[in-house]
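Contents: one structure, followed by commentary.
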Amino acid sequence: MRSHVRRRQAERDGCRPRRSCDAVPGVPSGQPGQSGSNQLTVSRSECSPPRSRSPQRRASGRPGLARKCGGSHAGPQVSARNRRRSQQGPSKVMPRDVRPRCSLSRADGPARRVALSQRRYGPGARRRSPAVNEVARSCKLVSMAKREIAELLGGAVGVGTEVAVRGWVRTRRDSKAGLSFLQINDGSCFASLQVVADGTLPNYVQEVQHLGSGCAVTVRGELVESLGRGQSVEIRATEIAVEGWVDDPDTYPISPKRHSFEFLREVAHLRPRTNTFGAVARVRNCLAQAVHRFFDDSGYLWIHTPIITASDTEGAGELFRVSTLDLARLPRDADGAPDFSDDFFGREAFLTVSGQLNVEAYCLALSKVYTFGPTFRAENSNTSRHLAEFWMIEPETAFADLSDNADLAEALLKHLFRTVLEERADDMEFFAQRIHPEAIRRLQAVVDQPFERMTYAEAVRALQNAKTKFAFEVSWGSDLQSEHERYLTEEYVRRPVVVTNYPKGIKPFYMRLDDGGETVAAMDVLAPGIGEIVGGSQREERLDVLDIRLAECGIDPEPYGWYRDLRRYGTVPHAGFGLGLERTISYVTGMANVRDVIPFPRTPGSADF
RNA sequence: UCCUCAGUAGCUCAAUGGUAGAGCAUCCGGCUGUUAACCGGAGGGUUGUAGGUUCGAGUCCUACCUGAGGAGCCA
């Protein structure tokens, strides 16, 4: 939402303008972490509104529900206009952004349909395992009849079965013949489920005909073959219970129409309700799970490296300070500088910029390890490829050299891409249709071919021989500019490329010095459209060389005593790299901005939500 | 941090210095096993903020705020 709109809304609300979501009209002001229904973990049965609903009860705003759910916005604030609506006819909308995109031919045989559906609707389409069902029943979270939409569309439930689904209305289309069609989405897969609501339902006129985008419902009915085109099965509803109304459809930001990503960033708490951000969330989860599966299957241990670090490590960017000192009365030493000896940790502390140094310690005892978690950079970077808080995957392998390291990076990336193509085919189909036409094809190409590998020296030669005019001249010893990386990966080899053995002057102290003494055993994996997606190296395992490199880089060795110890006691060659999760998701989905592949992006000047 | 561009209805955008417009969304009416539904109507605006130039500013000038793209830094 634009600033002036926020301001106007804020003024109407009688508060100071803020750059946050709580000025969004019609949206609850409670934020996660504050008291409000968002935070409650009560089960649905505790939170459900009464079954029988008269217009009077709706008009009352259901005070009982609001009380139980801990926030006034839990129930609808039914206005005079809404009451008027309940006596009048419906409207019809069917936006481009929410129409179903996966359909199954009704001519397909049942077996083929199930197989096809499981591929299209993801792992959620698989029948739940007996163990999961048992746990679910014992927790009273679901009854046997309640199903995820992915299961229903995936063929896990036979036609003719009585089922219940819960989710949010995407659209409603009415027929004056006394029939309404609801598209229901529960996030379990890309597709929405069509619900046929007959005019004989007891709440048809008073409630069903007023459902719109964003309303939460529980639908019970029979799974039937669809009479219409566009879906193979649908639910013929016998009961539609409205769990949560949309207070004011006029100002609900996720109206059924196309929205710009810039606008949706301003309503980050509601954007997961769109096709795009639901798909991104499922792909992100798929990739994260695949990371753990890959390393677990390969014998790597997941090491939980610390979020708070004491050392200003390796100059990997600016750090966020973690402190409990009173900023208004900062203790100072004799020189007038802030005195951190009184601080919580008795010294300066920061949010980690990388788990690498810590994970090296575990590598030199457990051989194969990785860390995967959030990292933080206080750089004032304003680009589509940078976040102040992002997630990084950092494996570290003992008894491994640079070549082994590149092999591991290639195997990991191929595993991730293969997995997402298999398990999130429905979402990938959407990305290929709407976000990036090459999304599927280029992933398949990466999976099918070996990565191109070249040394920095070869890359420089290729750039010098290129016909392309560069803004920055290429010469040995200077770092590759964005335009150079783009040329290499987008024009020269046209797929991911591994560049190795960079000059030591442009790389950090911990990278292993090559035999010539001019280059280090560094490697970057460059991806088309993204640039550097992986950065890694063989580490310097020789203490004497490490000390020289620390001195050359002008780094005080004192805070690195523990890191030097690793070279004093049983040192071995080892190597590792960092893979940025958001850049990976960006490459996989074709989403151009990493701010749109993390749920709540943190960037300079922006930490709303 | 630097460079460039942009802020007008809920959203996406028009509007020679001279009365503020469209499409979509919302609401209402009509029509239909619908599926980007369709047809008709209605409501909706301190043109980002503060100054300035002018008889007159959405439009020109200055500063600031916000956003985007690119660069640097990096994952």
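Computed from a predicted structure; not experimentally measured.
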Over how many whole Å does the gap from [X] atom [atom1] to [N] atom [atom2] extend?
X	N	atom1	atom2	value
Arg265(A)	C11(B)	CZ	C1'	15 Å
Glu318(A)	A75(B)	CD	P	15 Å
Glu485(A)	A75(B)	CD	P	11 Å
Lys507(A)	C73(B)	NZ	P	11 Å
Arg602(A)	C74(B)	CZ	P	24 Å
Arg172(A)	C27(B)	CZ	C1'	12 Å
Glu389(A)	A75(B)	CD	C1'	14 Å
His484(A)	G72(B)	NE2	C1'	14 Å

[N] versus [M] - spacing of their [atom1] atoms, nearest Å:
N	M	atom1	answer
U54(B)	U59(B)	C1'	13 Å
A6(B)	C61(B)	P	11 Å
U16(B)	C55(B)	P	23 Å
U32(B)	G69(B)	C1'	46 Å
G7(B)	A15(B)	C1'	16 Å
C65(B)	G48(B)	C1'	7 Å
C24(B)	C38(B)	P	8 Å
A50(B)	C13(B)	P	24 Å

May I ask you to check whether [X] and [Y] place their ring centers less than 6.0 Å from one another?
X	Y	result
Phe470(A)	His484(A)	yes
His292(A)	Tyr370(A)	yes
Phe390(A)	Phe376(A)	no
Phe431(A)	His436(A)	no

Got a second to check how far [X]'s [atom1] is from [Y]'s [atom2], nearest 0.5 Å?
X	Y	atom1	atom2	answer
Leu264(A)	Phe277(A)	CG	CZ	5.5 Å
Asn405(A)	Glu410(A)	CG	CD	12.0 Å
Gln209(A)	Asp174(A)	CD	CG	5.0 Å
Tyr502(A)	Asp479(A)	OH	CG	7.0 Å
Arg172(A)	Leu182(A)	CZ	CG	7.5 Å

Open item on the list: Can you tell whether the side chains of Arg284(A) and Asp427(A) come within less than 4.0 Å, N to carboxylate O?
Closed with: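 The answer is no: the pair does not qualify as a salt bridge.
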Open item on the list: Can you tell whether the side chains of Arg265(A) and Asp596(A) come within less than 4.0 Å, N to carboxylate O?
Closed with: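 Salt bridge between Arg265(A) and Asp596(A), a charged N being under 4.0 Å from a carboxylate O: yes.
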Classify [X] by what it touches in the nucleic acid, base, sugar-phosphate, or nothing, heavy-atom distance under 4.0 Å.
X	value
Leu387(A)	base
Glu234(A)	base
Val594(A)	nothing

TODO: List the atom of Asp186(A), the atom of Ile149(A), and the distance in Å for their closest heavy-atom pair.
DONE: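 Looking at all heavy atoms of both residues, the closest pair is OD2-N, 2.9 Å.
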Atom pairs under 3.5 Å: protein N/O with N/O of nucleotides 22-24 of chain B:
none

Task: Donor-acceptor pair under 3.5 Å, Arg583(A) side chain vs C74(B) base - done: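 Checked by distance alone, the answer is yes.
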- [ ] Record whether the side chain of Asp174(A) comes under 3.5 Å of the base of U34(B) through a donor-acceptor pair of N or O atoms.
- [x]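 Answer no: no donor N or O sits under 3.5 Å from an acceptor.
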TODO: Report the secondary structure of RNA chain B in dot-bracket form, marking unpaired bases with a dot and bases paired to a different strand with |, and treating Watson-Crick or G-U pairs with both distances under 3.5 Å as paired.
DONE: (((((((..((((....[..)))).(((((.......))))).....(((((..]....))))))))))))....
Does [N] have OP1 or OP2 under 4.0 Å away from a side-chain N or O of [X]?
X	N	result
Gln231(A)	U35(B)	no
Ser384(A)	A68(B)	no
Asn593(A)	G69(B)	yes
Ser381(A)	G72(B)	no
Arg595(A)	A68(B)	yes

If you check the [X] side chain, which of [options] turns out closest?
X	options	result
Gln194(A)	C74(B), G33(B), U1(B)	G33(B)
Leu227(A)	C74(B), G33(B), C73(B)	G33(B)
His386(A)	G72(B), C11(B), G33(B)	G72(B)
Gln183(A)	A75(B), U35(B), U34(B)	U35(B)
Phe263(A)	A25(B), U12(B), A71(B)	U12(B)
Ser226(A)	A68(B), A71(B), U34(B)	U34(B)

Open item on the list: Need to verify one output field. Residue with the more 5' nearest nucleotide on RNA chain B, Gly535(A) or Glu483(A)?
Closed with: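 In this pair, the answer is Glu483(A).
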Open item on the list: Reading RNA chain B from 5' onward, which residue's closest nucleotide shows up sooner: Ser213(A) or Glu532(A)?
Closed with: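 Closest to the 5' end, via its nearest nucleotide, is Ser213(A).
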Open item on the list: The criterion is side-chain contact (heavy atoms from CB on, under 4.5 Å); which residues satisfy it with Ala521(A), sequence neighbours excluded?
Closed with: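 With sequence neighbours excluded, Ala521(A) shows a side-chain contact (heavy atoms from CB on, under 4.5 Å) to Leu402(A), Arg512(A), Asp514(A), Gln538(A), given in chain and number order.
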Task: Aromatic ring of Phe390(A) stacked on base six-ring of A75(B), 5.5 Å, 30° - done: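 Yes, Phe390(A) stacks on the base of A75(B).
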